[in-house]
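Counting starts at 1 for both ligands and their atoms, in listed order. Start at 1 with the first residue, then count along the sequence.
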Amino acid sequence: MLVQIIYQIFHNRIVNYSLVFPNIMGYSKKPLVGIIMGSSSDSRIMQGASEILDEYKIKHEDQIVSAHRTPARLAEYAKHAEKMGFKIIIAGAGGAAHLPGMIASHTTIPVIGVPILVYNDKHPKKSDTTKFSAFGGLDSLLSITEMPSGSPVVAVGINKAGNAGIYAMKMLANEFPDLKKKLKQHKSNQHNSVMKESDELKKQGLSKFAKKKFK
Ligand code: RP5
């Protein structure tokens with residue numbers, strides 16, 4: 001690395017500092033992940049992706065792009081994403097959920113789809129569960145995963161936007177070694193939290209533990 005830097009300085013060839021200092025200039029300086037969703041109603045779920053990226057200081061740009069309400073904007077967004085240099089697009093959509101597949105058809109940037117269980121936030125009674133999608137999110141999941149051969153989109157589980165954030169981080173970790181360290185830390189935090197709960201369960205006994213946990 002040092003030799004490469006000296007070589008580039010000597011030859012006055014440093015045009016893109018992020019190539020030379022990937023850890024410093026990389027994921028925390030400019031957005032490398034584009035988060036899009038089909039509707040403002042998806043933001044309730046999609047915030048799960050931004051939370052994890054924010055936690056690890058990975059910059060992202062967030063927008064609403066609807067494949068059926070703003071079809072021309074969808075094509076424009078794909079160009080924008082390429083111009084911005086996004087490495088990954090996280091696309092959340094509910095129902096017919098064609099947004100992830102359509103975006104993937106307009107760009108070579110890998111797309112992670114988040115199938116969303118549609119909940120109509122425009123309904124006056126927001127707790128009205130009858131407004132859930134007729135197919136419980138399976139509609140969105142299948143729309144995303146069943147892309148025809150040759151046009152792949154990967155998907156996380158229904159409403160699992162946080163997993164899309166972690167997966168994006170894993171992809172970026174191939175390029176930014178300190179993200180790999182943070183992922184290892186994330187895994188070890190998970191391990192520790194399971195151990196803590198297991199110790200509690202063992203100490204209290206199952207019945208007492210479960211009663212306390214779900215009271
Ligand atoms: C999809 O339709 C969106 O992704 C959203 O999940 C669903 C419902 O949209 P709204 O009626 O809430 O705007 O395009």
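- Less than 4.0 angstrom separates some heavy atom of S39 from each of these atoms of ligand 1: 3 (C), 5 (C), 9 (O), 10 (P), 12 (O), 13 (O).
- Taking only nitrogen or oxygen atoms, main chain and side chain alike, G94 reaches within less than 3.5 Å of ligand 1.
- Side chains of D62 and H60: a donor on one and an acceptor on the other come within 3.5 Å.
- Short contacts between ligand 1 and A93, defined as distances under 4.0 Å to a heavy atom of the residue, involve ligand atoms 4 (O).
- Looking at Y56 and D178, their side chains never bring a donor and an acceptor atom within 3.5 Å of each other.
- Considering backbone and side-chain N/O of S66, none are found under 3.5 Å from N/O of ligand 1.
- The pair E76-R73 does not meet the salt-bridge criterion, since no charged nitrogen lies less than 4.0 angstrom from a carboxylate oxygen.
- Residues I112 and F176 fall within the same hydrophobic cluster, defined by Ile, Leu, Val, Met, Phe, Trp and Tyr side chains chained together at heavy-atom separations under 4.5 Å.
- Proximity of H68 to ligand 1, defined as any heavy-atom pair under 4.0 Å, is confined to the side chain (atoms from C-beta onward).
- Under the 4.0 angstrom criterion for non-hydrogen atoms, M37 is not in contact with ligand 1.
- By the 30° and 60° cut-offs, the orientation of the rings of H68 relative to H98 is tilted.
- When each atom of ligand 1 is checked for a heavy atom of S41 under 4.0 Å away, the hits are 9 (O), 10 (P), 12 (O).
- Partner I36 forms a side-chain contact (heavy atoms from CB on, under 4.5 Å) with one of L74, V65, I90, V111 and no other, that one being V65.
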